[in-house]
Colleague: 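Take a look at the following structure, please.
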Amino acid sequence: MSSPISVIVNGRPHSGMVDNRTSLLDLLREQVGLTGTKKGCDAGACGACTVLVEGRRVNACLTLAVRLDGAEVTTIEGLAGRQGDELHPLQQAFIDQDAFQCGFCTPGQILSGVACIREGHSGSPEEIREWMSGNICRCGCYVKIVKAVEQTAVEQTAEEG
Ligand code: FES
Ligand code: FES
């Protein structure tokens, strides 16, 4: 059984028919054509597919696309500045801190980190580790990932203050 859906992905409307069993992850990768969101476990255990729905982080592999009719979705492709040439501060911090090796987990780590900071869960390395614990990095870059999130949180606090 299929249903019509309409979603806003990175500010652009996308409409079409989807099989009711389609995950948001498959919608993004196979229908919208945005492959920056990665499929790791496809079972909610690794965080590689993390995206923002209405500003809140979700595992796209566990989210049914049909339930998102009308929703706003942000993926890694939508984080940079409007022209795509100005990185989001957390993307820049990942580069500054050298917070990746193979990069497979990185889009999910960055989306999760953006939400972690917005949620106010980035007050200390321990807090960041706790609230990012759903994002697995098989290359073991955790120390640098936490530093990147911390760097961005500190920069944003300084800008606000
Ligand atoms: Fe979604 Fe692993 S692919 S949590
Ligand atoms: Fe390779 Fe995280 S950088 S899995």
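Each ligand, and each atom within it, is numbered from 1 in the order the structure gives.
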Colleague: Just heavy atoms, cut-off under 4.0 Å: does A45 contact ligand 1 by side chain, backbone, both, or neither?
Modeller: backbone
Colleague: Would you indicate whether R21, at its atom CZ, is surrounded by more than 12 heavy atoms from other residues, nucleotides or ligands within a distance under 6.0 Å?
Modeller: no
Colleague: The test is side-chain hydrogen bond (donor to acceptor under 3.5 Å, both in side chains); show your working for E160 and Q156 and say whether it passes.
Modeller: CA-CA 6 Å; E160 289 160 12; Q156 289 189 355; over 6 Å; no
Colleague: Under 2.8 Å from atom 2 (Fe) of ligand 2 - does any N, O or S atom of C139 fall there?
Modeller: no
Colleague: When you check the side-chain N and O atoms of N10 and T74, is any donor under 3.5 Å from an acceptor?
Modeller: no
Colleague: If you draw a 6.0 Å radius around NZ in K147, do more than 12 non-hydrogen atoms from other residues or ligands fall strictly inside?
Modeller: no
Colleague: Within 2.8 Å of atom 2 (Fe) of ligand 2, is there any N, O or S atom belonging to C105?
Modeller: yes
Colleague: Which ligand 2 atoms does G103 reach within 4.0 Å, using its non-hydrogen atoms?
Modeller: 1 (Fe), 3 (S)
Colleague: Is it true that a side-chain atom of R29 and a backbone atom of T37 form a donor plus acceptor pair closer than 3.5 Å?
Modeller: yes
Colleague: Please determine, by modelled atom types, if S112 and N135 share a side-chain donor-acceptor pair under 3.5 angstrom.
Modeller: yes
Colleague: Using a 4.0 Å cutoff against the non-hydrogen atoms of Q101, which atoms of ligand 2 qualify?
Modeller: 3 (S)
Colleague: Rounded to the nearest 10 degrees, what's the angle SG of C41 makes with SG of C46 at atom 2 (Fe) of ligand 1? Could you check?
Modeller: 110°
Colleague: If the cut-off is 4.0 Å to any non-hydrogen atom of R138, which atoms of ligand 2 fall inside it?
Modeller: 4 (S)
Colleague: Is there a side-chain hydrogen bond (donor to acceptor under 3.5 Å, both in side chains) between R57 and T50? Walk through the geometry before answering.
Modeller: CA-CA 6 Å; R57 50 184 161 170; T50 306; over 6 Å; no
Colleague: Under a 4.0 angstrom heavy-atom cut-off, which atoms of ligand 1 come close to C61?
Modeller: 1 (Fe), 3 (S), 4 (S)
Colleague: What atoms in ligand 1 come closer than 4.0 Å to a heavy atom of G44?
Modeller: 4 (S)
Colleague: At less than 4.0 angstrom from any non-hydrogen atom of D42, what atoms of ligand 1 do you find?
Modeller: 2 (Fe), 3 (S)
Colleague: With heavy-atom distances below 4.0 Å as the criterion, list the atoms of ligand 1 near C49.
Modeller: 1 (Fe), 3 (S), 4 (S)
Colleague: Is there a side chain to side chain contact (heavy atoms under 4.5 Å, CB included) between L111 and T75? Walk through the geometry before answering.
Modeller: CA-CA 7 Å; L111 270 300; T75 71; 5.8 Å; no
